[in-house]
K.L.:
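So that we are looking at the same thing, I have put the structure below in structure tokens.
Counting begins at 1 with the first residue of the sequence.
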Amino acid sequence: MAASLREPPFFSSPSSSTCDTDDEGVRGTCEDASLCKRFAVSVGYWHDPYIQHLVRLTKERKAPEINRGYFARVHGVNQLLKAFLRKTECHCQVLNLGAGMDTTFWKLKDEDLLPSKYFEVDFPMIVTRKLHNIKNKPLLSKPIVELHSEDMLHMDGHTLDSKRYAIIGADLRDLSELEEKLKKCNMNTQLPTLLITECVLVYMTPEQSANLLKWASNTFETAMIINYEQVNMGDRFGQIMIENLRRRQCDLAGVETCKSLESQKERLLANGWETACAVNMMELYSRLPRAEVSRIESLEFLDEMELLEQLMQHYCLCWATRGGQELGLKEISC
């Protein structure tokens, strides 16, 4: 019998979520980011044939500066991710922590750039929704099945485990549970490993994010991490961002680590990472290929370039490495 995601042995009804209601605001940011990406794709900022099967298209238009910000974010993360995959010749694993409705697994498969295994972790409630979509959308389920050579795929309300792809419902603040669930899905600590955290660490206390970073640097001999989040949060613009999120019951518990590019790098180096780099998103935007910038800037008129610059100067992309000298991981840059 061919492997399947649609037959009863592989899927059972999701159990009730055990997520703390205090995390509702944080889970809401997943929805916001997903809707923003979906809208930007619909306008033509980048190509993603899979996101429409996971995220509805909102009627509300997103501001051009928001769309350009997401373009720079997606471009920067993808550039670092693909550099890591090429350095390791895809003999590696990727752990996307706080992945939400991310579609990277399917896009990498299309580009023949899949790692040995691709893992995603998020709150169980978010995972349940994603698994429901995968189960019911052949465009999403078929690639997973095609890569899985055995009859039985493990899939329940909070977990999908297949040969090349795993989705896990877990709390990143509970490291023993996280490690146990990853190992059940055949995480290999001997493989070069890339971890991705996009607007994740900032919602943890500094102690919690430090523990996660330390766990990662201690667990994998050869590793790289990509972290995208806020920076320069001590100024007036940063304070307004904090107040706006607080009004939506979403507290930036780790904002003190987001003071500067230096504080971002210091946190990585203090928790077991050997090299650390950071760039604000305006600088990254200025480095984008001119042809791409011209293309996206022709999609929508932006009358306040200053607002784009302010926004981009308050987000950054950081990356750090541990080991991997023979692979040239320290040479990776965006």
Side-chain angles (χ1 to χ4, degrees), residues 1-19 27-38 41-42 46-58 74 77-78 81 93-172 178 181-182 184-187 196 198 200:
M1 183 174 66
S4 168
L5 284 176
R6 298 187 64 81
E7 297 181 25
F10 314 126
F11 189 85
S12 61
S13 298
S15 57
S16 60
S17 173
T18 56
C19 288
R27 293 197 301 272
T29 65
C30 167
E31 178 77 0
D32 292 345
S34 300
L35 291 172
C36 287
K37 286 183 177 181
R38 174 77 172 92
V41 168
S42 75
W46 68 91
H47 180 64
D48 185 345
Y50 301 102
I51 195 168
Q52 63 185 309
H53 299 285
L54 290 165
V55 184
R56 63 188 167 84
L57 182 59
T58 178
V74 169
V77 171
N78 281 345
L81 164 63
Q93 61 193 358
V94 175
L95 273 60
N96 191 333
L97 306 179
M101 298 297 126
D102 190 77
T103 59
T104 300
F105 165 79
W106 291 278
K107 291 187 287 184
L108 290 178
K109 182 182 184 295
D110 287 347
E111 296 178 57
D112 200 24
L113 276 174
L114 265 186
S116 300
K117 190 153 184 176
Y118 191 96
F119 297 82
E120 292 181 358
V121 181
D122 214 316
F123 284 118
M125 187 180 289
I126 291 170
V127 166
T128 295
R129 183 178 138 208
K130 189 167 192 175
L131 294 182
H132 175 78
N133 283 319
I134 290 171
K135 176 179 177 276
N136 291 291
K137 304 288 177 65
L139 192 76
L140 301 177
S141 59
K142 192 179 174 187
I144 301 168
V145 172
E146 285 173 351
L147 290 166
H148 194 79
S149 57
E150 300 152 28
D151 285 349
M152 293 294 283
L153 287 166
H154 173 71
M155 189 170 181
D156 60 29
H158 294 155
T159 309
L160 160 70
D161 186 27
S162 68
K163 188 175 182 182
R164 304 290 294 278
Y165 186 35
I167 308 177
I168 296 161
D171 189 329
L172 298 173
L178 175 66
K181 288 184 174 183
L182 285 167
K184 272 188 183 174
C185 293
N186 298 309
M187 177 184 76
I196 302 171
E198 295 185 60
V200 169

K.L.:
With heavy-atom distances below 4.5 Å as the criterion, would you say the side chains of Leu54 and Lys130 are in contact?
P.N.:
yes
K.L.:
Apply side-chain contact (heavy atoms from CB on, under 4.5 Å) to Cys36 and list each qualifying residue two or more places apart in sequence or on a separate chain.
P.N.:
Lys62, Ile66, Tyr70
K.L.:
Could you tell me the separation between the CZ atom of Arg27 and the CE atom of Met125, rounded to the nearest 0.5 Å?
P.N.:
4.0 Å
K.L.:
Of all the heavy-atom pairs spanning Glu120 and Gly100, show the shortest one and how long it is.
P.N.:
OE1-O, 4.4 Å
K.L.:
From Ile126 CD1 over to Ser34 OG, what is the distance, rounded to the nearest 0.5 angstrom?
P.N.:
8.0 Å
K.L.:
List in chain and number order the residues that pass side-chain hydrogen bond (donor to acceptor under 3.5 Å, both in side chains) with Asp171, two or more places apart in sequence or in another chain; answer none if no residue qualifies.
P.N.:
Arg173
K.L.:
Side chains of Leu178 and Leu172: closer than 4.5 Å at any heavy-atom pair?
P.N.:
yes
K.L.:
Looking at Leu114, Ile144, Ile51, Leu139, which one forms a side chain to side chain contact (heavy atoms under 4.5 Å, CB included) with Trp106?
P.N.:
Ile144
K.L.:
Which heavy atom of Arg56 sits nearest to which heavy atom of Arg38, and what is that distance?
P.N.:
O-CG, 3.4 Å
K.L.:
Decide yes or no for Phe119 and Val94: does some side-chain heavy atom of the first lie under 4.5 Å from some side-chain heavy atom of the second?
P.N.:
no
K.L.:
Going by side-chain hydrogen bond (donor to acceptor under 3.5 Å, both in side chains), name the residues that satisfy it together with Asn186, two or more places apart in sequence or in a different chain.
P.N.:
none
K.L.:
So which heavy atom on Ile167 is nearest to which on Ile134, and how close?
P.N.:
CD1-CD1, 3.5 Å
K.L.:
Where the side chain of Lys117 meets the backbone of Ser162, is there a donor-acceptor pair that is under 3.5 Å apart?
P.N.:
yes
K.L.:
Does a salt bridge link Asp161 with Lys181, judged by any charged N lying under 4.0 Å from a carboxylate O?
P.N.:
no
K.L.:
Determine the minimum heavy-atom distance between Asp156 and Leu131, stating which atoms define it.
P.N.:
O-CD1, 3.2 Å
K.L.:
Roughly how far, to the nearest 0.5 Å, is the CG atom of Leu97 from the CG atom of Leu95?
P.N.:
5.5 Å
K.L.:
Are any non-hydrogen side-chain atoms of Pro115 and Leu108 less than 4.5 angstrom apart?
P.N.:
yes
K.L.:
What are the two closest non-hydrogen atoms of Val127 and Ile168, and how far apart are they?
P.N.:
CG2-O, 3.5 Å
K.L.:
Is there a side chain to side chain contact (heavy atoms under 4.5 Å, CB included) between Val77 and Glu198? Walk through the geometry before answering.
P.N.:
CA-CA 9 Å; Val77 171; Glu198 295 185 60; 4.0 Å; yes
K.L.:
Could you work out, with side-chain hydrogen bond (donor to acceptor under 3.5 Å, both in side chains) as the rule, every residue matching Asn78, not counting sequence neighbours?
P.N.:
none
K.L.:
Can you tell me how far the NE2 atom of His148 sits from the CG atom of Leu160, to the nearest 0.5 Å?
P.N.:
9.0 Å
K.L.:
Where the side chain of Arg164 meets the backbone of Leu147, is there a donor-acceptor pair that is under 3.5 Å apart?
P.N.:
no
K.L.:
Quick one: ring pair (Phe, Tyr, Trp, His ring centres under 6.0 Å) partners of Phe105, sequence neighbours excluded?
P.N.:
Tyr165
K.L.:
Can you confirm whether His154 sits close enough to Lys184 that some side-chain heavy atom of one is under 4.5 Å from a side-chain heavy atom of the other?
P.N.:
no
K.L.:
For residues Thr159 and Cys185, report the shortest heavy-atom separation together with the two atoms involved.
P.N.:
CG2-SG, 4.1 Å
K.L.:
Only counting residues at least two apart or in another chain, list the ones meeting side-chain hydrogen bond (donor to acceptor under 3.5 Å, both in side chains) with Arg129.
P.N.:
Glu31
K.L.:
What I'd like to find out is whether the side chain of Asp48 reaches to under 4.5 Å of the side chain of Lys37, using heavy atoms alone.
P.N.:
no
